[in-house]
Protein chains: 2
Amino acid sequence: MQRKDLKRLTIKDVARTAGVSIATVSRILNGQGGVSEELIDKVQLTVQELNYQPNAVARALKVQESRSIGLIIPDIGNPFFPALVRGVEDAAQVHGYALILCNTDGDPDKEINYIKFLRSKQVDGILLVGNIGFEQSGHWLSDAAVPIVLVDRRIAGAPLSTVIVDNQAGAVLAVEHLIRQGRRQIAIVSGRPASPTNTERVNGYIQALAANRLFCRTDLVVNGDFTFEGGYRAAEILLNRGCRFDAIFAANDLMAIGVIECLAQNGRRVPDDVAVAGFDNIRLAAWYKPALTTINQPVYEMGQLAVAALLEHMADSGAQARDIMLKPELIIRQSSGGKEQS
Amino acid sequence: MQRKDLKRLTIKDVARTAGVSIATVSRILNGQGGVSEELIDKVQLTVQELNYQPNAVARALKVQESRSIGLIIPDIGNPFFPALVRGVEDAAQVHGYALILCNTDGDPDKEINYIKFLRSKQVDGILLVGNIGFEQSGHWLSDAAVPIVLVDRRIAGAPLSTVIVDNQAGAVLAVEHLIRQGRRQIAIVSGRPASPTNTERVNGYIQALAANRLFCRTDLVVNGDFTFEGGYRAAEILLNRGCRFDAIFAANDLMAIGVIECLAQNGRRVPDDVAVAGFDNIRLAAWYKPALTTINQPVYEMGQLAVAALLEHMADSGAQARDIMLKPELIIRQSSGGKEQS
DNA sequence: TTGTACGCGTTATCAC
DNA sequence: GTGATAACGCGTACAA
């Protein structure tokens, strides 16, 4: 009854059963026209009856187009990525593309290996959330012979289209909010210093301070690494320095939460003593107590737009690389003292 | 300089450049032996120089094996799935398989469509977190001509291998813990009644009560739907009934949190007035205040084991379907009153 | 040990 | 309007 090893049927079988040539079947299946109504009906019927499905691999080999794209991210376990992946998958599916998912843990070697892997799989395009440097592998990135679009993180010097949120503007939003809340001694807990994303956010911090005639005091700057523990340790360092501060901007939410936990351990109240703002608006930010003021990124849309950009490059190999910047949004919650009074 | 439209090179190019036949190149690439050292060196060198990569699509067509598997889940945005996906992807990658990810939102029609889609892509196997009924589509599930392994959710009557956590045992763990905490009037907020997973957890609740000579009171049973809002509403219903209860077991963490929020709104203290336990151990459970007592599922391992099971079926089409049950684990946190005193 | 040639399942070009 | 047939890039039986 359940013959799994039943040989998969091919266009040949359909042709034979319907009593026509494979050329005719192919034409009908691809809706090319130039076929009589009669045959169309007959063939479509047998396709139904046999439950025939074209072999996409054979088709891919023939038309040199696999109808699949690759998505390379650091780690789907990172709460930032599921929404991105969902946006990508939905958009890909709409256009009939399969999505191949790859996790690199941010390791540049793995990124290169996955690009090679995807290339051998003949994917039509690649979406990359990359940590690799351009010189480190500019060869692969620009000569990959397959369109690559960068998502969420730029790669300095790479001549590739990039879909990204305006990190600097987001940081400005967060810091200016803290300032409007009456805070003046605003510290920053940065992410990994090497990360372009971090640099942009730090620049936003500096810009916002300057725009409000506040100094950027080096004793209020401390490096984290985008992790909870990094945030915790950074807050400890800040406390140990003995300098005054009445607000902290953390370069992402995970660190912001680490910061708050540390402050709580040390008897500082949030937001009464110290206002805290993060970046990313991960799910946890809304649930955490105190609920975290943060910068929302339209992650799902980012995924969708990335696919759109990739499709463009796939359709036109001469298309210019361009930056697509998404607007961040300030989400005000308790950790910064709640609503602004204006 | 950057000639993207440079024709991709083939085994033919390598053969020509190395001055050998394509058969020789193929043999060397696949390590088949029977080739002189001299040619091996020469060919491997030219492969390096040309930076040649075999075309996996052509290979797949020839050997009838695409080296890719499909993973069909409801929604990567659901906090339960990222770890599963990661487990699957890691295991797949180790064995050289690409992972095609599909989100269905739990819609049986989408599940069927994706199975067809993946079949046409000639995937070698499918991992399915399915909501479809077996009769509803037994045809597709057992005759799919491609091995399917069920993950996280069983499908009643489907003769397919299933990798799943022992939900009933998990619920017993949770409820018995509440009993040991001295609670006697334990309510349950269930998930979608139609879900097999929910049924198993409810059965565990009943079993644990019975084993401790407690009655299952219908006024302490209320249906949720696995969402936060469902949990909130369920708790409201429970409160409105006016019955006494000193503990609530929610069939998943999201509902447990909804329950706690509702209780807090209505002046009940957790865990003092009501102890609460959930199921899943999502990230949020640890961060939430009060931290949530829950049942941990080894989700990452589940993904890995699912791939292992799938590989078995792929290697031996006659392999018997079997159930692989993973042990759940009780995680005690504040929401149930913390550590047990024994 | 090495090379030639066929076929995997399509699509597309050419005859009829 | 329809049907042979040649690719697509690879693996392998067979021949040498």
Side-chain angles (χ1 to χ4, degrees), chain A residues 5-44 46-47 50-68 96 119-124 145-146, chain B residues 5-44 46-47 50-68 96 119-124 145-146:
Chain A
D5 12 45
L6 192 72
K7 208 161 172 321
R8 285 218 54 189
L9 26 83
T10 76
I11 197 171
K12 239 179 203 161
D13 301 309
V14 178
R16 193 165 15 79
T17 319
V20 298
S21 76
I22 62 170
T24 303
V25 178
S26 177
R27 274 192 279 259
I28 293 174
L29 255 31
N30 297 320
Q32 312 216 158
V35 190
S36 67
E37 287 292 337
E38 189 197 341
L39 287 192
I40 293 185
D41 289 348
K42 196 195 308 189
V43 167
Q44 283 182 338
T46 50
V47 165
L50 296 185
N51 193 18
Y52 165 75
Q53 286 199 258
N55 182 326
V57 170
R59 179 175 208 286
L61 178 60
K62 178 62 189 171
V63 305
Q64 303 285 57
E65 169 187 306
S66 67
R67 295 231 140 221
S68 57
R119 259 175 60 74
S120 83
K121 286 266 173 200
Q122 311 296 114
V123 295
D124 300 325
V146 52
Chain B
D5 11 47
L6 191 72
K7 206 158 172 329
R8 286 218 53 190
L9 27 83
T10 75
I11 198 171
K12 237 177 203 160
D13 301 310
V14 178
R16 193 166 16 80
T17 321
V20 299
S21 75
I22 60 169
T24 303
V25 177
S26 177
R27 276 192 278 261
I28 293 173
L29 254 31
N30 298 320
Q32 312 215 160
V35 190
S36 68
E37 286 293 336
E38 187 197 344
L39 288 192
I40 292 185
D41 289 348
K42 195 196 304 190
V43 168
Q44 282 182 337
T46 51
V47 165
L50 296 184
N51 194 14
Y52 165 76
Q53 287 198 258
N55 182 327
V57 169
R59 181 176 208 286
L61 180 60
K62 176 63 189 173
V63 305
Q64 302 283 57
E65 169 187 307
S66 67
R67 295 235 138 216
S68 58
R119 258 176 62 73
S120 83
K121 287 267 174 200
Q122 310 297 112
V123 295
D124 300 325
V146 52

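Here is the naming used below: chain letters follow the sequence lines, and residue numbers restart at 1 for every chain. All values derive from a computational prediction rather than experimental measurement.
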Would you say A:Y52 and A:I11 make side-chain contact, with heavy atoms under 4.5 Å?
yes

In whole angstrom, what separates A:I11's CD1 from D:dC8's P?
19 Å

Taking side chain as C-beta onward, heavy atoms only, is B:S21 less than 4.5 Å from B:T24?
yes

Residues 53-61 of chain B side chain polar contacts: donor-acceptor under 3.5 Å, at least two apart:
| from | atom 1 | to | atom 2 | distance (Å) |
| --- | --- | --- | --- | --- |
| B:Q53 | NE2 | A:K116 | O | 3.2 |
| B:N55 | OD1 | B:V57 | N | 2.8 |
| B:N55 | OD1 | B:A58 | N | 3.0 |

About how many Å separate CD1 of A:I22 and OG1 of A:T10, when rounded to the nearest 0.5 Å?
8.0 Å

Report the C-alpha separation of B:Q64 and A:R8 in whole Å, then their side-chain angles, then the decisive distance to 0.1 Å, and conclude whether the side chain to side chain donor-acceptor pair (under 3.5 Å) test is met.
CA-CA 10 Å; B:Q64 302 283 57; A:R8 285 218 54 189; over 6 Å; no

Euclidean distance, atom CD of residue A:Q122 to atom P of D:dG9 [Å, nearest integer]
9 Å

What is the separation between atom NZ on B:K12 and atom C1' on D:dC10, rounded to the nearest whole Å?
10 Å

To the nearest Å, how far apart are A:K42 NZ and D:dT2 P?
9 Å

Just report the end-to-end axis angle for the helix from C:dT1-D:dA16 to C:dC16-D:dG1, five pairs per end, to 10 degrees.
50°

When every non-hydrogen atom of B:I40 is compared with those of B:I28, the smallest separation belongs to CA-CD1, 3.6 Å

Would you kindly compare B:S36 and B:V63 by the position of their nearest DNA chain C nucleotide and give the one closer to the 5′ end?
B:S36

So which of residues 21-34 of chain B are in contact with DNA chain C, with a heavy-atom cut-off of under 4.0 Å?
B:S21, B:I22, B:A23, B:T24, B:R27, B:G34

Between A:T46 (side chain only) and A:T17 (backbone N and O only), is there a donor and an acceptor less than 3.5 Å apart?
no

Do the side chains of A:K121 and B:S68 get nearer than 4.5 Å, heavy atoms only?
yes

Determine the minimum heavy-atom distance between B:A15 and B:V25, stating which atoms define it.
CA-CG2, 3.7 Å

Spatial distance of atom OG (B:S36) from atom CG (B:L39) [nearest 0.5 Å]
3.5 Å

Nucleic acid contacts - residues 54-62 of chain A versus DNA chain D, non-hydrogen atoms under 4.0 Å:
A:L61, A:K62

Does CD in A:Q32 sit with more than 12 non-hydrogen atoms of other residues, nucleotides or ligands closer than 6.0 Å?
yes

Would you say the side chain of B:D124 lies within less than 4.5 Å of the side chain of B:V146, judging by non-hydrogen atoms?
no

Hey, where on DNA chain C does chain B first and last touch, going 5' to 3'? Cut-off is any atom under 4.0 Å from a heavy atom.
C:dT1 to C:dG9

For residues 12-36 of chain A, which residue pairs qualify under salt bridge (Lys or Arg N to Asp or Glu O under 4.0 Å), counting only residues two or more places apart or in two chains?
A:D13-A:R16

